[in-house]
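Data block below; observations after.
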Amino acid sequence: LDRGVLGDIYYAKVSYLRRCGNPGGWFADRSRSGGGPLIDLGVHVIDLARYLMGNPNPVSAFGATFSGMGVRANIRGIDRYRAADFSDFCDVEDLATALVRFDNGAVMAVETSYSLEIREDTGSVQLFGTKGGASIDPAFEIHTEMENRLVDLAPRVTKGADWFESIFRREIAHFADCVANGVPCRSPAEDGVALMRIIDGIYESARTGREVTLA
């Protein structure tokens with residue numbers, strides 16, 4: 001992205017979908033959680049995509065939420081996470097979908113669910129630019145052109161045994177560096193505020209059935 005391989009990013013598609021993944025308990029209680037899969041799962045892929053897009057300012061959101069499936073405590077034979085206070089109560093959405101527009105003209109499409117009849121749980125972050133596209137998750141690939149041919153590039157990377165844990169160690173080390181040495185934070189509070197403006201805007205749009213202005 002810094003080298004301009006993808007050009008100007010004008011579109012992003014993000015998803016975080018579970019087939020039967022409502023944890024129940026406080027997760028399914030809007031008064032305590034603030035919402036369902038949008039604020040629990042979708043928030044992470046929205047945050048990642050916006051960061052990779054250069055943190056543009058969100059200006060509007062149009063969204064919809066759907067409910068009716070609930071916790072699905074009757075489903076057996078699968079491994080699933082359950083909140084410590086698990087119960088059948090649920091007043092959060094099963095599925096949220098939205099379009100978010102940014103001040104630079106770019107648009108992000110969002111899909112996230114606790115309950116959706118798909119084959120298996122899945123998640124993805126895709127970016128599309130004027131020179132190429134990239135799939136960040138679940139596998140990293142770049143889609144572009146070389147020598148007048150369409151090409152798909154997939155780097156070969158060997159992950160260490162502790163690759164996942166090392167992510168958190170680096171995150172903690174960066175935070176300590178910010179506090180101790182005044183290094184600029186890569187994830188300042190302003191990013192969290194912008195993220196919550198997006199989430200709140202999507203929920204408000206779903207409630208009113210209209211596009212919501214965020215700027």
Hey, does the side chain of [X] reach the backbone of [Y] with a donor-acceptor pair shorter than 3.5 angstrom?
| X | Y | answer |
| --- | --- | --- |
| Ser33 | Phe27 | yes |
| Asn181 | Val183 | no |
| Ser205 | Gly63 | yes |
| His174 | Cys185 | no |
| Asp85 | Trp26 | yes |
| Ser113 | Asp94 | no |

Decide whether [X] and [Y] are clustered together by the hydrophobic rule: side chain heavy atoms of Ile, Leu, Val, Met, Phe, Trp, Tyr closer than 4.5 Å, transitively.
| X | Y | value |
| --- | --- | --- |
| Val92 | Leu95 | no |
| Ile142 | Leu150 | no |
| Val107 | Ile46 | no |

Going through the checks in order, is the side chain to side chain contact (heavy atoms under 4.5 Å, CB included) test met by Leu41 and Arg18?
-> CA-CA 9 Å; Leu41 307 178; Arg18 290 179 181 171; 3.4 Å; yes

Which residues satisfy the salt bridge (charged side-chain N to carboxylate O under 4.0 Å, His left out) test with [X], sequence neighbours excluded?
| X | value |
| --- | --- |
| Arg169 | Asp162 |
| Asp29 | Arg32 |
| Arg50 | Asp191 |

What heavy-atom pair brings [X] and [Y] nearest, and what distance separates the two atoms?
| X | Y | answer |
| --- | --- | --- |
| Gly25 | Ala83 | CA-CB, 4.1 Å |
| Val45 | Val14 | O-CG1, 3.7 Å |
| Asn22 | Gly70 | ND2-O, 3.8 Å |

Inter-residue atom distance [X].[atom1] - [Y].[atom2], 0.5 Å rounding:
| X | Y | atom1 | atom2 | value |
| --- | --- | --- | --- | --- |
| Leu1 | Leu127 | CG | CG | 6.5 Å |
| Thr130 | Ile9 | OG1 | CD1 | 7.5 Å |
| Thr112 | Ile39 | OG1 | CD1 | 11.5 Å |
| Ile198 | Leu38 | CD1 | CG | 10.0 Å |
| Met69 | Cys20 | CE | SG | 7.5 Å |
| Tyr51 | Arg186 | OH | CZ | 6.0 Å |

With a 4.5 Å cut-off on side-chain heavy atoms, are [Y] and [X] touching?
| X | Y | result |
| --- | --- | --- |
| Thr97 | Val110 | no |
| Thr144 | Leu153 | yes |
| Val100 | Phe102 | yes |
| Phe86 | Pro23 | no |
| Ser67 | Thr65 | no |
| Phe128 | Lys13 | yes |

Just grab all the salt bridge (Lys or Arg N to Asp or Glu O under 4.0 Å) pairs involving residues 130-143, residues at least two apart or on different chains.
->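 Pairs touching residues 130-143 that pass the test: none.
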
Would you list the pairs meeting side-chain hydrogen bond (donor to acceptor under 3.5 Å, both in side chains) in which at least one residue belongs to residues 114-125, sequence neighbours left out?
->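 Applying side-chain hydrogen bond (donor to acceptor under 3.5 Å, both in side chains) to every pair that reaches into residues 114-125, excluding sequence neighbours, yields Ser15-Ser124, Arg19-Glu117, Asp40-Tyr114, Arg72-Glu117.
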
Who are the side-chain hydrogen bond (donor to acceptor under 3.5 Å, both in side chains) partners of Arg197, not counting sequence neighbours?
->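 Counting only residues at least two positions away or on another chain, Arg197 forms a side-chain hydrogen bond (donor to acceptor under 3.5 Å, both in side chains) with Asn57.
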
Is there a donor in the side chain of Glu211 and an acceptor in the side chain of Ser60, or the other way round, less than 3.5 Å apart?
->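 Note: Glu211 and Ser60 side chains meet the donor-acceptor criterion.
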
Start with the C-alpha distance between Tyr203 and Glu93, add both sets of side-chain angles, then the distance that settles side chain to side chain contact (heavy atoms under 4.5 Å, CB included), and finish with yes or no.
-> CA-CA 10 Å; Tyr203 279 133; Glu93 75 275 9; 2.7 Å; yes

Taking NZ, NE, NH1 and NH2 as the nitrogens, is one of them in Glu165 or Arg170 under 4.0 Å from a carboxylate oxygen of the other?
->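 Salt bridge: no.
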
